[in-house]
Amino acid sequence: MRTVRTFTVVPALPQRLMALRDIANNLWWTWTQEARDVFVRIDRDAWEASGHNPIAMFGRVSQKRFKELSTDDGFLAHLDRVKKNLEEYMSSKTWFDQVGGDRKKTFINYFCAEFGLHESLPIYSGGLGILSG
């Protein structure tokens, strides 16, 4: 059957929770336990049902729940801490900056047909993808 239309449903996050989108759109959360814990606090069942994918999870959470979280001081403190940690991570010097940062025109190329980045992104098929990720 031919696809007539495709729709992408994006939840309307309250302004106070917009940091969730920034965190979810950066793979940093995959190796940062405190960031993953923020998503679990939103809705553990939705987190599990989405395969630990925060973007997919947002579509499973009710607007009522997002509204509740936008006034939950404990959750907001946790979210602010994680957002601050992400901002610090993004502004810190990388290993390459420290070792070869004075070389402005250095290019590094790596090609692999698959990458195993996280279980919620099944874009790999086996061992080499996991190794390259």
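Quick caveat, the model's predicted, so the values are computed rather than measured.
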Just how far is it from atom [atom1] of [X] to atom [atom2] of [Y], taken to the nearest 0.5 Å?
{"X": "Gln15", "Y": "Leu13", "atom1": "CD", "atom2": "CG", "value": "9.5 Å"}
{"X": "Arg16", "Y": "Thr71", "atom1": "CZ", "atom2": "OG1", "value": "11.0 Å"}
{"X": "Leu76", "Y": "Arg81", "atom1": "CG", "atom2": "CZ", "value": "11.5 Å"}
{"X": "Trp28", "Y": "Tyr89", "atom1": "CH2", "atom2": "OH", "value": "9.5 Å"}
{"X": "Asp37", "Y": "Ile42", "atom1": "CG", "atom2": "CD1", "value": "11.5 Å"}
{"X": "Leu79", "Y": "Leu20", "atom1": "CG", "atom2": "CG", "value": "5.0 Å"}

Looking only at non-hydrogen atoms, find the nearest pair between [X] and [Y] and report the distance.
{"X": "Trp31", "Y": "Leu27", "result": "CZ3-O, 3.3 Å"}
{"X": "Ala46", "Y": "Val61", "result": "CB-CG2, 4.0 Å"}
{"X": "Phe66", "Y": "Phe58", "result": "CE1-O, 3.8 Å"}

>> Under the criterion salt bridge (Lys or Arg N to Asp or Glu O under 4.0 Å), I'd like the reasoning laid out for Asp22 against Lys83: C-alpha separation, chi angles, the key distance, then a yes or no.
In response: CA-CA 8 Å; Asp22 296 335; Lys83 175 67 171 165; 2.9 Å; yes

If only atom types and distance count, is the side chain of [X] paired as donor or acceptor with the main-chain N or O of [Y] below 3.5 Å?
{"X": "Asn25", "Y": "Arg21", "result": "yes"}
{"X": "His78", "Y": "Asp73", "result": "no"}
{"X": "Ser62", "Y": "Arg65", "result": "yes"}

>> I'd like to check the salt bridge (charged side-chain N to carboxylate O under 4.0 Å, His left out) partners of Arg36; sequence neighbours left out, ordered by chain and number.
In response: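 Arg36 satisfies salt bridge (charged side-chain N to carboxylate O under 4.0 Å, His left out) with no residue once adjacent residues are dropped.
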
> Heavy atoms, side chains only, cut-off 4.5 Å: are Trp29 and Val38 in contact?
Replying inline: no

> Given side chains that start at C-beta, do those of Pro54 and Trp47 come closer than 4.5 Å, heavy atoms only?
Replying inline: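 Yes, side chains in contact.
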
>> Run the salt bridge (Lys or Arg N to Asp or Glu O under 4.0 Å) test on Glu48 and Arg44 for me, step by step, so that the C-alpha distance in whole Å, both residues' side-chain angles and the decisive distance to 0.1 Å come before the verdict.
In response: CA-CA 6 Å; Glu48 294 298 329; Arg44 181 178 297 274; 5.0 Å; no

